[in-house]
**Student:** 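This is the structure, below, for whatever I ask next.
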Protein chains: 2
Amino acid sequence: MNRKSLEGMQCPVARSLERVGDGWSMLILRDAFYGIRRFDDFVQSLGIAPNILSHRLTKLVAAGLLERRAYSTRPARHEYVLTDQGRDFRPVLLALMAWGNRHFAPEGPSIVLTDTLTSEPVELALVDLRTGEPITRGRHTITAGAVANERTRANVEFRNARLAADRH
Amino acid sequence: MNRKSLEGMQCPVARSLERVGDGWSMLILRDAFYGIRRFDDFVQSLGIAPNILSHRLTKLVAAGLLERRAYSTRPARHEYVLTDQGRDFRPVLLALMAWGNRHFAPEGPSIVLTDTLTSEPVELALVDLRTGEPITRGRHTITAGAVANERTRANVEFRNARLAADRH
DNA sequence: AAAGTCGCTTGCATTCTGCAAGTCGGTATT
DNA sequence: AATACCGACTTGCAGAATGCAAGCGACTTT
């Protein structure tokens, strides 16, 4: 997406979207989690135009989510595999999947996450590992972190005040 | 994002991205969670051009994530508030925030989720509510759901086979 | 020698974005 | 009564991003 408006933003959501916030990147990552590695396989799986895929892949490599590695030298061929950072993106994709299943699958989910031990579908939830408590709007709120500057701090304060005032 | 390639896709991730997969929508939602409701406040907070915001808001309203409601009739004024479906998007945003904090905040996180009871920062994780187990790639895999058609089923099978073969 | 495979690049048309400015219905100020 | 102001947009236009088809380069296969 556009460069000017997001660069330098402190918000981690904005920073994340800077790297994966276009229409295709997350779908490419989804396919990477499925084990797809090769250019033409991405093209086929996604129906994406090759020039666009080319751009996205180099962008994802530059962002550190994918690694471009040669799997054959004589006919020089490359494949794209997830880095640790890329693999760490899985929760976001799963959360998105769960949300999509809840709201945009009137006929029922076409794809689900299942527990391989029990073969049961997973019931996904975010929790705080420290307390084990599921995340709720009542108990958990967003606050300025350790290194937030004056402006960020003011924003968060303003927003939390709004939030409190807006409970109807 | 583009219409043709995603419409009719069964994958819940694709379906989700159809509604929020452009550069701005998730940031608008983020601000909505912060309590922002008014057009000009969104413009100011995001630095988004008003015409773009206008498009996004109507799209988000159409998708059922936001509700446009009048807060004043005599000078007709409207505000945009999260629907239940929109509020349910919070885990995605939080996962994205956590990921951003882990990888793109070298100076430390500027914004964190905290437990209001303990005032401690939250350590976010996805778990399976049925078993209480955190989600891992080893234990939990993606499978075709109940209503998956032939093609989806074949894709998932193919992909899982690849995945198994690719464990290096 | 011809055809195929894989991973791209090039050219061109269409669509989407960004910016500045203006508009429309009202209210508040002088 | 005239002017300024406010909030929520729309309009016009330029530039960037995207989509599609076609081609290309370095091989391998038949």
Side-chain angles (χ1 to χ4, degrees), chain A residues 1-9 14 17-28 31-32 35-63 66-81 162, chain B residues 1-9 14 17-28 31-32 35-63 66-81 162:
Chain A
M1 71 170 295
N2 102 64
R3 203 150 305 125
K4 199 207 106 201
S5 31
L6 254 58
E7 80 182 7
M9 266 198 171
L17 290 174
E18 234 172 288
R19 343 256 157 169
V20 298
D22 60 290
W24 286 115
S25 295
M26 290 200 202
L27 288 171
I28 292 171
D31 274 10
I36 290 183
R37 298 168 165 216
R38 299 195 184 163
F39 196 93
D40 281 15
D41 286 343
F42 281 113
V43 168
Q44 218 200 339
S45 165
L46 295 169
I48 187 177
N51 51 348
I52 307 297
L53 176 62
S54 187
H55 278 140
R56 291 291 155 271
L57 287 176
T58 55
K59 221 186 111 188
L60 288 171
V61 168
L66 293 178
E67 186 200 338
R68 184 177 192 253
R69 73 155 73 129
Y71 68 90
S72 150
T73 44
R74 260 340 332 254
R77 294 288 144 80
H78 301 275
E79 59 183 5
Y80 299 86
V81 289
R162 270 235 197 209
Chain B
M1 71 170 294
N2 105 62
R3 205 150 304 126
K4 199 207 105 199
S5 30
L6 255 58
E7 82 182 5
M9 265 197 172
L17 291 174
E18 234 172 287
R19 343 256 157 168
V20 297
D22 60 290
W24 286 115
S25 294
M26 291 200 203
L27 289 172
I28 292 171
D31 274 10
I36 291 183
R37 296 169 165 215
R38 298 195 185 165
F39 196 93
D40 281 15
D41 286 343
F42 282 112
V43 168
Q44 219 201 338
S45 165
L46 294 167
I48 188 176
N51 50 348
I52 307 296
L53 177 63
S54 187
H55 279 140
R56 293 289 155 269
L57 287 176
T58 55
K59 222 187 109 187
L60 288 170
V61 168
L66 294 178
E67 187 200 337
R68 183 176 193 254
R69 73 155 72 130
Y71 68 91
S72 150
T73 44
R74 253 357 314 266
R77 293 287 144 80
H78 301 276
E79 59 184 5
Y80 299 86
V81 288
R162 271 237 196 208

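Just so it is clear, the values below take in all heavy atoms, side chains as well, and ignore hydrogens, waters and symmetry mates. Just so it is clear, the model here is predicted, and its values are computed rather than measured.
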**Student:** Does a donor on one side chain sit under 3.5 Å from an acceptor on the other, for B/Ser54 and B/Asn51?
**Tutor:** no

**Student:** Specify the separation, in whole Å, of atom NE2 of B/His55 and atom C1' of D/dT10.
**Tutor:** 10 Å

**Student:** In terms of side-chain heavy atoms of A/Trp24, which of D/dC6, D/dG19, D/dA26 is nearest?
**Tutor:** D/dG19

**Student:** Output the single nucleotide from D/dC27, D/dC9, D/dA8 whose closest atom is nearest the side chain of A/Pro75.
**Tutor:** D/dC27

**Student:** For the side chain of A/Ser54, counting heavy atoms from C-beta on, which of C/dC8, D/dA8, C/dG18 is nearest?
**Tutor:** C/dC8

**Student:** Send over the distance from B/Gln44 CD to D/dA8 C1', rounded to a whole Å.
**Tutor:** 14 Å

**Student:** Are the side chains of B/Val81 and B/Leu66 in touch, meaning some heavy atoms are under 4.5 Å apart?
**Tutor:** no

**Student:** For A/Leu57 and C/dC8, give me the distance from atom CG to atom P, rounded to whole Å.
**Tutor:** 8 Å

**Student:** Is there a side-chain contact between B/His78 and B/Arg69 in this structure, where contact means two heavy atoms from C-beta onward sitting under 4.5 Å apart?
**Tutor:** no

**Student:** Tell me which nucleotide among D/dG7, C/dG18, C/dC8 gets nearest to the side chain of A/Pro50.
**Tutor:** C/dC8

**Student:** Which nucleotide sits closest to the side chain of A/Ile52: D/dG19, D/dA8, C/dG7?
**Tutor:** D/dG19

**Student:** Give the rounded distance in Å between these two atoms: OH of A/Tyr71 and C1' of D/dA26.
**Tutor:** 13 Å

**Student:** In whole Å, what is the span from the NE2 atom of A/His78 to the P atom of C/dC8?
**Tutor:** 6 Å

**Student:** Side chain of A/Arg77 only, please: which of C/dT17, D/dT18, C/dC6 is the nearest?
**Tutor:** C/dC6

**Student:** Nearest whole Å is fine: how far is D/dA21 C1' from A/Leu53 CG?
**Tutor:** 16 Å

**Student:** Atom CZ of A/Arg68 and atom C1' of C/dC6: how far apart are they, to the nearest Å?
**Tutor:** 12 Å

**Student:** How close or far is atom P of D/dC9 from atom CZ of B/Arg56, stated in whole angstroms?
**Tutor:** 15 Å

**Student:** Indicate whether OP1 or OP2 belonging to D/dG7 is found under 4.0 Å from a side-chain N or O atom of B/Tyr80.
**Tutor:** no

**Student:** Do any side-chain nitrogens or oxygens of A/Arg37 fall under 4.0 Å of OP1 or OP2 in C/dG7?
**Tutor:** no

**Student:** Check every atom of D/dT18, D/dG7, C/dT10 against the side chain of A/Asn51 and return the nucleotide holding the closest atom.
**Tutor:** C/dT10

**Student:** Under a 3.5 Å threshold, yes or no: a donor from one side chain and an acceptor from the other, between B/Tyr80 and B/Arg68?
**Tutor:** yes

**Student:** Could you walk me through whether B/Tyr71 and B/Arg38 satisfy the side-chain contact (heavy atoms from CB on, under 4.5 Å) test, starting with their C-alpha distance in whole Å, then the side-chain angles of each, then the deciding distance to 0.1 Å, before giving a yes or no?
**Tutor:** CA-CA 10 Å; B/Tyr71 68 91; B/Arg38 298 195 185 165; 3.5 Å; yes

